[in-house]
Chemist: 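Below is one structure. I have some questions about it.
Every chain is numbered from 1 and lettered A, B, ... according to where its sequence line falls, protein lines coming before strand lines.
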Number of protein chains: 2
Amino acid sequence: MRDTGMGAGLGGESLLFLTDEQLRQGIEAMFFAYRGFTADPDRILADLAYGRAHHRAVHFINRAPGTTVNNLLNILGVTKQSLNRVLRTLIADGLVESRVGQHDKRERHLFLTEDGHALEQKLSDAQRARMRTAFREAGPDAVGGFRRVLEAMMDPEMRRAYARLKENGA
Amino acid sequence: MRDTGMGAGLGGESLLFLTDEQLRQGIEAMFFAYRGFTADPDRILADLAYGRAHHRAVHFINRAPGTTVNNLLNILGVTKQSLNRVLRTLIADGLVESRVGQHDKRERHLFLTEDGHALEQKLSDAQRARMRTAFREAGPDAVGGFRRVLEAMMDPEMRRAYARLKENGA
DNA sequence: TTGGAATGTCAACAACACTGACGTAAGCTG
DNA sequence: CAGCTTACGTCAGTGTTGTTGACATTCCAA
């Protein structure tokens, strides 16, 4: 609603001066884009009686095989009760395997089974396809900016988790 | 995991060649960043017995005052029953006013009350503050790229809704 | 004017998050 | 060894948010 009173003209963003309108557009872009981001996996999951929570679990177990329940908890930012419900169904359905730790027998290390890998592939194929299209459409320079802004938007703790996973995969 | 074998040096990504690893990092960046994106308003809402759905409704009613329920439905992408529950509490609590349409009496036009505006301000102040910090940290070039990628990630219908709102506010 | 489409409301249910409390097994420390 | 802590699982209860189904009102067009 508010006009800052100066320099909202040029489509470019001035370095120091961010209008509320520019910020609001960023907010709405996040909202609408996130919907697109989850749309394709959501469609696949709906047919399988799974939800987004299952997707997240499968994604990060694939990304860091052998991760412990506690570690996954920190990455996902949910309660153990909530994660447990999801994990239980995934294990019961034979998509995830839980192995007692060798060094520390209290820990459970999580792995995808063959079926689990198949689902992960299916889900991430869909999501990567959209990401690839978006990256291509926007161009290589935009991709760098995209990632820099997102990284700056994370809570510090999540930024660390993100960085750790990046090294993991690189 | 995979190196493209070429020109990965300069922060830029090669145009044609997007590795699965690059795409996966984009996916994880979206996931972690969205958590940060919603964290501040969520904290405020928790104290008020409201949720994210209330925030979204208030945001878009503020953005397009007098909008109809149906219009809001399309923007939010939920069922009318789901939106109605949220709207009902907001109206009961005196944050939103619903006026019967003059031209078409089936329609309800939605407006924020004074209290509604106050809440909207509080929520969007928090969210804009984070967005502003992220934009400043990432720099003006990054902001353009950020928006271009997000726009390319939206479903076409949402891209249109986003564009319409942009004109609305400009 | 009558039937269908559009708009919005109420009721019931499912998914998934949360808190709180408790139990068990295993590791650690004095 | 005894006692504390950690890691994990589970039961019970609650709240938000999504869904479908049924229904009332209003508009419009045959």
Chemist: From CG of A/D104 over to P of C/dT24, roughly how many Å is that when rounded to an integer?
Modeler: 19 Å
Chemist: Nearest-nucleotide wise, let me know which of A/R106 and B/L87 is further upstream toward the 5' end of DNA chain C.
Modeler: B/L87
Chemist: In whole Å, what is the span from the CD1 atom of B/I91 to the C1' atom of C/dG8?
Modeler: 11 Å
Chemist: With a 3.5 Å cut-off and no angle check, do the side chains of B/N71 and B/T67 form a donor-acceptor pair?
Modeler: yes
Chemist: Give the rounded distance in Å between these two atoms: CG of A/L73 and P of C/dT19.
Modeler: 12 Å
Chemist: Is a donor-acceptor pair below 3.5 Å formed from side chain B/Q81 to base D/dG21, judging by atom type as modelled?
Modeler: yes
Chemist: Looking at A/F37, A/Y34, A/F31, which one forms a ring pair (Phe, Tyr, Trp, His ring centres under 6.0 Å) with B/Y34?
Modeler: A/Y34
Chemist: Output yes when at least one side-chain N/O atom of A/T79 is less than 4.0 Å from OP1 or OP2 of C/dA17, else no.
Modeler: no
Chemist: For A/K105 and A/L83, take the nucleotide of DNA chain C holding the closest heavy atom to each; which residue's nucleotide lies nearer the 5' end?
Modeler: A/L83
Chemist: Can you check whether B/H54 has a side-chain N or O nearer than 4.0 Å to OP1 or OP2 of D/dT17?
Modeler: yes
Chemist: Can you find a heavy atom in the side chain of A/D141 that is under 4.5 Å from one in the side chain of B/D141?
Modeler: no
Chemist: Is the shortest side-chain N/O distance from B/R52 to OP1 or OP2 of D/dG18 below 4.0 Å?
Modeler: no
Chemist: What I'd like to find out is whether the side chain of B/I91 reaches to under 4.5 Å of the side chain of B/E97, using heavy atoms alone.
Modeler: no
Chemist: Within the 4.0 Å heavy-atom criterion, would you say B/G77 contacts the bases, only the backbone, or no part of the nucleic acid?
Modeler: nothing
Chemist: According to a strict under-4.0 Å criterion, is B/N84 in side-chain N/O contact with OP1 or OP2 of C/dG8?
Modeler: no
Chemist: Rounded to the nearest angstrom, tell me the gap between atom CG in B/L45 and atom C1' in C/dA17.
Modeler: 15 Å
Chemist: Using whole Å, what does the distance between atom C1' of nucleotide D/dT26 and atom NE2 of B/H103 come to?
Modeler: 12 Å
Chemist: Rounded to whole angstrom units, what separation is found between the CD atom of A/E107 and the P atom of C/dG27?
Modeler: 9 Å
Chemist: So, does A/N70 get its side chain near the phosphate of D/dC8, meaning an N or O under 4.0 Å from OP1 or OP2?
Modeler: yes
Chemist: Any ion pair linking B/E21 and A/R63 (charged N to carboxylate O, less than 4.0 Å)?
Modeler: yes
Chemist: Once hydrogens and angles are ignored, does a donor-acceptor distance under 3.5 Å link the base of D/dG9 to the side chain of A/K80?
Modeler: yes
Chemist: Measure the distance from OH on A/Y50 to P on D/dG18 and round it to the nearest whole Å.
Modeler: 24 Å
Chemist: If you check every side-chain atom of B/V78, which of C/dC18, C/dG8, D/dT19 has the closest atom?
Modeler: D/dT19
Chemist: Between C/dC18 and A/R85, is there an OP1 or OP2 to side-chain N/O distance shorter than 4.0 Å?
Modeler: no
Chemist: Nearest to the side chain of A/R88, heavy atoms from C-beta on, is which of D/dT10, D/dG18, C/dC10?
Modeler: D/dT10
Chemist: Is there a donor-acceptor pair under 3.5 Å between the side chain of B/S124 and the backbone N or O of B/E120?
Modeler: yes
Chemist: Just the rounded figure in Å: distance from P of C/dT7 to CG of B/L72.
Modeler: 14 Å
